[in-house]
Trainee: 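Please find one structure pasted underneath; my questions will follow.
Numbered from 1 within each chain, the chains take letters A, B, ... in sequence-line order. What you are looking at is a predicted structure, and each value in this text was computed from that prediction instead of being measured.
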Amino acid sequence: MAEIEAKTEVTGSVWKIVTELGQRVEAGETIMIIESMKMEIPVMSEEGGVIQRFLVEETTPVSEGQVVAILTT
Amino acid sequence: MSKPRTVAALGQPHPATEKADRYEVMRAKALAMGGPEKLARRKAAGVLNARERVDVLVDAGTFIESGLFGTSATRPEDRERSPTDGKIVGFGKIDGRECAVVVNDFTVMGASSSATNGRKIGHMKRVATARGLPMVFLGESSGARMPDHMGSRGMGALLGNDGTQYMRMRETPWVSATLGYSYGSSSWYSVLSDFNVMRKGAVLAVSSAQLASLAIKEAVDPEVMGGWKVHAEVTGFADQVVDTDEDAIAAIKTFLSYMPAHHNETPPERAVAPDSGKAMAGIAKLLPQKRTQVYDVRNIIRAIVDAGSFFELKARFGKVAVTGLARLAGRTVGFIANNPLFKGGAMDTDACEKITSFLVLCDSFNIPIVMLVDTPGFSIGTEAERKRAPGKIMNYMQALQLCTVPKISVILRKSYGQAYLNMGGGRNSDEVAVWPTAEVSFMDPTFAVKIVHGLEPGDPGFSEAFNSMNKDNEPWDMAAIYAAQNVIRPEDTRDYLIRMLEVHRQRMTNGVGQHLMHAWPTSY
């Protein structure tokens, strides 16, 4: 079982977490949405996996490249 | 007249027969590559050998090899073990069109660069340039041959004797596949090419990880140093990434199908695929209702172009912008689009480099350009400045203005600030069309309200100020002063583009542009 890090590609704040712990997501599926530059930017899973941990909450400020969730394959 | 005396008559082999036999022996030796053991190891690894790659690349029966009997010339002891001197070159037809081909044979001395194989490559490039043939490089090489290049005599004899060896003037398309460890000249040709496809597991680098480890005294992982992820996501040197040799060669053929054979002709036309344009009725629904929501612009491109014709380049690099070749009514067109799915479409320095190189490609080979615009502007801030954003933005701007192929810009949604110009606004394209959903201004209205009125969202008066700023962003004022030549319904976009590209065909020069960037760098 390999760990996958889901990272935000933009600086902003967490607007909405649209998945739940233990949920399976496929590659390209949205895990949460970051508000940045007045836009809703999705954090998408690079690979299919199951969400193990969220490292942020809604409204948490985040920086570009920050890991926001951990998945396992 | 007496009968000619023959050796055969004396019971000896005829000299001509002996020479013919010798030819067959020499030929068999040259075709044997690096020997059965090395070839078996490649087969077991699922990797094609050099001659199999040639066979997959060119149309059956069309390959005429050049320099089959070339061998190492620097050290006599290498002569017997260097069939074709490690590089198979020749002419072959790809989908019916003549091409010059260089295929590295890693089983022969690691396909290392030498005097003889350097002359073979030089001949291919000279003929390709003089006769208007695309060049194909299938790369896999250990770099310069050792010890041939050692010492001042080695350097003087083997390097620098062709002053045009790495000169790229874009007279004909160059395409490359990185199919294994590619160091030295093999990597140079990959980055000099108009299209480079990389097979997973291949490595593209200046020199081997082993040499790098020796030089910097630390362990270097080849994959980390120059693997496909590095070049697909960080450097942008890989235009596409594939799993197998066969897929790489298929990608080369597809790329070439969009290209002219040389810069003095237009790209070949194809029959329009059935079902082209069928998705146009639903195109407006691909755009989200809310201006803050994102979407993948590639779905819009696929709806507009001939069915199945979108061929994306550098998909994993500078993802905030999309570049790719496609066909409209059977003719090649280059698409540049902002992709709000990534960073809301705000353009960064990687996207600037990606678009600049794509503009140079299209303009050099007479490919009209369509721009689809939806960007809040260029990424700003400390990081952008450290990455030399002003320089990148102006390189891109200059490339756009030097293009002499037709350019059509369609504003789908946002077009703000300098990015308005870089995406073809005003006279930076031949025609500007806008969708009714377009919003054009110097900056996002939310920020403008803060700067002009000092109001934040939620403050009294913010909504009124925002609505006023936002109303002024609508496309009608722009159309009224003819800064946009057309306001079009989204579902009419394909027909509009086909018709407008027809209007702007370069009739005076038979579709051939001026190629003002033919000597521009191949990376930035």
Trainee: I'd like to check the ring-ring contact (aromatic ring centres under 6.0 Å, His included) partners of B:Phe442; sequence neighbours left out, ordered by chain and number.
Mentor: none
Trainee: Among residues at least two apart in sequence or on other chains, which ones pass side-chain hydrogen bond (donor to acceptor under 3.5 Å, both in side chains) with A:Glu26?
Mentor: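 Partners of A:Glu26 under the side-chain hydrogen bond (donor to acceptor under 3.5 Å, both in side chains) test: A:Arg24.
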Trainee: Give each N or O donor-acceptor pair spanning chain A and chain B at a distance under 3.5 Å, with atom names and distance to 0.1 Å, or state none.
Mentor:
residue: A:Glu9; atom: OE2; partner: B:Lys343; partner atom: N; Å: 2.8
residue: A:Glu40; atom: N; partner: B:Thr292; partner atom: O; Å: 2.8
residue: A:Glu40; atom: OE2; partner: B:Lys290; partner atom: NZ; Å: 3.0
residue: A:Glu40; atom: OE2; partner: B:Thr292; partner atom: OG1; Å: 2.8
residue: A:Glu64; atom: OE2; partner: B:Lys343; partner atom: NZ; Å: 3.4

Trainee: Can you name the closest pair of heavy atoms from A:Ile41 and B:Gly344 and give their distance?
Mentor: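 Distance-wise, the nearest heavy atoms are CD1-N, 3.1 Å.
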Trainee: Considering only distance and modelled atom types, tabulate donor-acceptor pairs under 3.5 Å from the side chains of residues 50-57 of chain A, sequence neighbours left out.
Mentor:
residue: A:Gln52; atom: NE2; partner: A:Thr72; partner atom: OG1; Å: 2.8

